[in-house]
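Numbered from 1 within each chain, the chains take letters A, B, ... in sequence-line order. Just so you know, these numbers use all the heavy atoms, side chains as well, and skip hydrogens, waters and symmetry mates.
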Amino acid sequence: MEKITVIKGFKDILPEDTPHWRRVESIAREVFDTFGFREIRVPIMEKTELFKRSIGETTDIVEKEMYTFADRDNEYITLRPEATASIIRAYIEHNMSAAEPVTKLFTMGPMFRRERPQKGRFRQFHQINVELFGDDKPQSDVEIILMLIHFLELTGLTGLALEINSLGCRACRPAFSKAVVDYLKGSEKGLCPDCQRRIVTNPLRVFDCKVETCGAIIARAPRILDYLCPGCKEHFDEVKSCLDEQNVKYTVNPKMVRGLDYYVKTAFEVKSGSLGAQNSLAGGGRYDGLVSDLGGPQTPGIGFGVGIERLLSCLPELEKGQYKTDVFIAALGPQAQKIGFKLTCDLRRAGIAAAMDYSGKSLKSQMKRADKLNSSYTLIFGDKEIYEKRLELRNMRTKDQQAIPLDGLLASLIKIIKER
RNA sequence: GUGGGUGUAGCUCAAUUGGUUAGAGUGCCGGGUUGUGGCCCCGGAGGCUGAGGGUUCAAGUCCCUUCACUCACCCCA
């Protein structure tokens, strides 16, 4: 039979790796708890319309990367390419804005984008997402950024670089866009075909282009920061000084535009050198018009996403996940097997990680299995001869062994192991 | 969607300019030794060399096709 393999760009997370996932996830939950965020879990599929309206029709994500299907009733549904849209949908649907002025949420889980896989980029990948609704003050931008940095550092990451920018708002961006378009049209023939197309479709994306000839042209293009309206400028200045007060290092990158249309004002990314080409492990920004665009009340919002795979790949020297066994029962002979099985079950009910080998193979092979399972103690006993009258409890690390009386065996085992 | 690289045992890799039965380490299974596992010794299983076609007396090796993986572009976490 031919074997069936995973879908391209999808990955199994193996037992040797899941401990690191669990660690990162639990650090996230702890940090976010202390910052006052609560966990929300939203579906991994939504109506396609939700993403079209939030992310933007002309973005790469919507144009060519979404997993979109016609459901059996011919409604179009999409595997989520990001989480913000779903969270906002839920925020609106459950009327959270009416219940409290500020709502702080986070979620984590798989996202799906049909790109060509490479280092740090998969078709199914995992993100931790944080969103803050109902506060348009710069302090909330800083709160979010601080929390992100704090979380990343707690996971053990070093050498992080924070980049920030302001993308302006709906008041000031049109003037800037026009200035960019005018400028680009002047040197249109020097641009790559993609950028020429972008002039019409989405001019700001030109800033992301890495083609050298485009870079030279872009370097002299108008800067968004020179076009900010007084409100946006004040907001951005406040964000920067507030970050300074908190001793957070950052660089202003006026060319950072981000690939989702909904961002306004503050945008930020955290990069790491050890990632190869996909060096951005977290990114986010403000999206003040998005809630109303999706049919909710006029509500400011800001949030970020962290790529878990990328985060983990930046962590140094991860140990592989091992079995964790408190006690291994090596039982020799049918009678001993029977007693051993009962003992194993009792120990497990008492919260002790017990294991045994049901095959009844040689002691040597059972001891090998105990070693493989990383057992702290191994209890050896059998039907005959030297094992008849007593049981030996062996400490696998120190090789010490001690006899355990048959009376009250379970109780003394539990005592020894718990006191370890 | 566009380029480059790589496909040999479960894993990591060997195999002269094309040359006989494709090897080693590790892991797995069994045995010996050790007070009863680790160290050591012996043995065993495990391969259509990614797949298909071609050149040749002869292909893991050269050519074509295809698939998979991988890196990069685009874009993003």
Task: Span that lies between the P atom of B:U12 and that of B:G50, in whole angstrom - done: 14 Å
Open item on the list: Tell me the interatomic distance from A:Asp60, atom CG, to B:A77, atom P, rounded to whole angstroms.
Closed with: 12 Å
Open item on the list: In the structure I gave you, are the side-chain heavy atoms of A:Ser166 and A:His235 within less than 4.5 Å of one another anywhere?
Closed with: no
- [ ] In whole angstrom, give me the gap between the C1' atoms of B:G23 and B:G47.
- [x] 12 Å
- [ ] Summarise how protein sits on nucleotides 1-9 of chain B as a single string, 5' to 3': B when a protein heavy atom is under 4.0 Å from the base, S for sugar-phosphate-only contact, - for no contact.
- [x] BBB------
Pairwise N/O distances under 3.5 Å, protein to nucleotides 26-32 of chain B:
residue, atom, partner, partner atom, Å
B:G27, O3', A:Lys372, NZ, 3.2
B:C28, OP1, A:Lys372, NZ, 2.3
B:G32, O6, A:Lys364, NZ, 3.0

Task: Residue pairs, two or more places apart or on separate chains, that pass ring pair (Phe, Tyr, Trp, His ring centres under 6.0 Å) and touch residues 356-375 of chain A - done: A:Phe341-A:Tyr358
- [ ] Indicate whether the side chain of A:Ser375 and that of A:Thr325 have a donor and an acceptor atom separated by less than 3.5 Å.
- [x] no
Open item on the list: I'd like to know if A:Lys240 pairs up with A:Asp244 as an ion pair, taking the criterion as any Lys NZ or Arg NE/NH1/NH2 lying under 4.0 Å from an Asp or Glu carboxylate oxygen.
Closed with: no
Open item on the list: When you compare the side chain of A:Lys324 with that of A:Ser376, does any pair of heavy atoms fall below 4.5 Å?
Closed with: no
- [ ] Could you check how far CG of A:Asp371 sits from C1' of B:C39, rounded to whole Å?
- [x] 12 Å
Are there any protein N/O atoms within less than 3.5 Å of an N/O atom in nucleotides 48-50 of chain B, and if so, which ones and at what distance?
none

Task: Ring geometry between A:Phe35 and A:His150 (parallel below 30°, tilted from 30 to 60°, perpendicular above 60°) - done: tilted
TODO: Would you please say whether a donor-acceptor pair under 3.5 Å links the side chains of A:Ser140 and A:Arg286?
DONE: yes
- [ ] Report yes if the distance between the aromatic ring centroids of A:Phe32 and A:Phe106 is under 6.0 Å, otherwise no.
- [x] yes
- [ ] May I ask you to decide whether A:Asp293 forms a salt bridge with A:Arg53, counting only side-chain N to carboxylate O separations under 4.0 Å?
- [x] no
Task: Distance in angstrom units between A:Phe125 CZ and B:A77 P, rounded - done: 7 Å
Open item on the list: If a pair means Watson-Crick or G-U wobble with both distances below 3.5 Å, what does RNA chain B look like in dot-bracket form, with | marking bases paired to a different strand?
Closed with: (((((((..((((.....[...)))).(((((.......))))).....(((((..]....))))))))))))....
Task: A:Lys119, nearest nucleotide to its side chain (from B:C71, B:A77, B:C69) - done: B:C71
Task: Neighbours of RNA chain B within residues 147-158 of chain A, by heavy-atom distance under 4.0 Å - done: none
Task: A:Gln366 CD - B:G38 P separation (whole Å) - done: 14 Å
TODO: Check whether any side-chain heavy atom of A:Arg29 lies under 4.5 Å from a side-chain heavy atom of A:Met108, and answer yes or no.
DONE: yes
Open item on the list: Distance check, C1' atoms only: B:G52 and B:G31, in whole angstrom units.
Closed with: 44 Å
Task: Minimum side-chain heavy-atom gap A:Leu162-A:Leu148 below 4.5 Å - done: no
Open item on the list: Is there a side-chain contact between A:Gln118 and the phosphate of B:A72, meaning an N or O under 4.0 Å from OP1 or OP2?
Closed with: yes
TODO: Measure from CZ on A:Phe10 to P on B:U70 and round the result to the nearest Å.
DONE: 14 Å
Open item on the list: Without decimals, in angstroms, what is the distance between A:Phe328 CZ and B:G38 C1'?
Closed with: 15 Å
Open item on the list: Within the structure provided, determine whether A:Leu157 and A:Leu281 are in side-chain contact (heavy-atom separation under 4.5 Å).
Closed with: yes
Task: Span that lies between the C1' atom of B:U8 and that of B:A68, in whole angstrom - done: 15 Å
TODO: Check whether any side-chain heavy atom of A:Tyr91 sits under 4.5 Å from a side-chain heavy atom of A:Glu131, and report yes or no.
DONE: no
Open item on the list: Is it the case that atom CZ in A:Arg38 sees more than 12 heavy atoms from other parts of the structure closer than 6.0 Å?
Closed with: no
Open item on the list: With heavy-atom distances below 4.5 Å as the criterion, would you say the side chains of A:Ser54 and A:Leu294 are in contact?
Closed with: yes
Task: Least distance between heavy atoms, A:Thr107 atom then A:Ile40 atom - done: OG1-O, 2.6 Å
Open item on the list: Base, sugar-phosphate or nothing for A:Arg369? Non-hydrogen atoms, less than 4.0 Å.
Closed with: nothing
Task: Along RNA chain B (nearest heavy atom to each residue), the more 5'-positioned of A:Lys8 and A:Ala282 - done: A:Lys8
Task: Parallel, tilted or perpendicular: rings of A:Tyr262 and A:Tyr287 (30°, 60°) - done: perpendicular
- [ ] Under 4.0 Å between any heavy atoms, over every strand shown, what does A:Phe304 touch: base, sugar-phosphate, or nothing? Just pick one.
- [x] nothing
Task: Value in whole Å for how far the C1' atom of B:A77 lies from CD of A:Glu25 - done: 15 Å
Task: Closest-nucleotide 5' rank along RNA chain B - winner of A:Gln127 and A:Lys64 - done: A:Lys64
